[in-house]
Amino acid sequence: MTSRATLLSLGVLASGRGSNLQAILEACARPGFPARVAVVVGDRERAEALARARGHGVPAFWLNPKDFGDRVLYDEALRRLLDEHRVGLVCLAGFMRILTPGLVRAYAGRILNIHPSLLPAFPGLAAQRQALEYGVRVAGATVHFVDEGVDTGPIVLQAAVPVHADDTEESLSARILVEEHRLYPEAIRLFAEGRLRLAGRTVTIR
Ligand code: GRF
């Protein structure tokens, strides 16, 4: 079994429900999983994600955007928290803020995000609704490295799900979410095991 000292320390950033955080926490609890959640940070006081973290004994911090003059100052505080907890990989899990270039550069190649579409289709908000409105037959989820754009970074893993004729935004989101909860821990495992190689915008899995 991997000893605690050799586990990759994750910093999870989340704004809401926290079901992806929950999937990550559950993966980390499995014997042999090579990572642990060291800290969770949210921008909303009542985010369920913060409560889930505390329920697992993980330090959880609310950074209130109103306490900071601008995004740069906010992200500097965020970075201090991540640094203090010696985070090796930052996982965005429904974090509703765009990271500043300074923070992206500080953790370059060490930030993952999960997005509920087959990128590069449907970046940004309400990806599932965008997919339904466009009329695609296949939707899905993407885990990607974070660069300075919105949902534009190098793709690590993707999974596809069918779109049914009678789908609503809720039913499609639920089908995609099942894949999200499987993909994110898998991507974290690959990163922690040093099996991801980044060249330009291509990720090779060894
Ligand atoms: C997920 O659909 C994720 O892909 C997107 O935001 C949602 C977060 O859900 N980035 P949860 O808070 O993890 O339940």
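Predicted, not measured: the structure shown is a model, and the values here were computed from it. Ligands are counted one by one from 1 in listed order, and the atoms in each one are counted from 1 as well. Basis for what follows: all heavy atoms, side chains included, without hydrogens, waters or symmetry-related copies.
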Taking 4.0 angstrom as the limit and counting only heavy atoms of [X], give me the atoms of ligand 1 inside it, by number and element.
X     : result
Gly94 : 6 (O), 8 (C), 10 (N)
Gly18 : 11 (P), 12 (O), 13 (O), 14 (O)
Arg17 : 9 (O), 11 (P), 12 (O), 14 (O)

Check ion pair Arg79-Glu76 (N to O, under 4.0 angstrom)
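No salt bridge links Arg79 with Glu76.
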May I ask you to say whether Glu193 pairs ionically with Arg206, meaning some side-chain N is under 4.0 Å from a carboxylate O?
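Here Glu193 does not pair with Arg206 in a salt bridge, since their nearest N and O are not under 4.0 Å apart.
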Between the side chains of Ser9 and His85, does any donor sit under 3.5 Å from an acceptor?
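No.
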Which residue and heavy atom of the protein sit nearest atom 11 (P) of ligand 1, plus the separation
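Nearest neighbour among protein heavy atoms for atom 11 (P) of ligand 1, to 0.1 Å: Ser19 N, 3.4 Å.
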Looking only at protein heavy atoms, which one is nearest to atom 4 (O) of ligand 1, and how far off is it?
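In this structure, atom 4 (O) of ligand 1 has Glu180 OE1, 2.7 Å as its nearest protein heavy atom.
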Quick check: Ile114 and ligand 1, any N/O pair under 3.5 Å apart?
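Yes, at least one N or O pair falls under 3.5 Å.
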What about Asn113: any of its N or O atoms under 3.5 Å from an N or O on ligand 1?
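No, no N or O pair falls under 3.5 Å.
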Say you draw a straight line from CZ of Phe95 to CZ of Arg44; how long is it, rounded to the nearest 0.5 Å?
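These two atoms lie 9.5 Å from each other.
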To the nearest 0.5 angstrom, please state how far the SG atom of Cys91 sits from the CZ atom of Phe191.
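These two atoms lie 8.5 Å from each other.
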Assess Pro116 for proximity to ligand 1: is some non-hydrogen atom of it under 4.0 Å away?
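Yes, Pro116 has a heavy atom closer than 4.0 Å to ligand 1.
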State which residue, out of Leu81, Val12, Val39, fulfils the side chain to side chain contact (heavy atoms under 4.5 Å, CB included) condition with Val87.
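It is Val39, the one option of Leu81, Val12, Val39 that forms the side chain to side chain contact (heavy atoms under 4.5 Å, CB included) with Val87.
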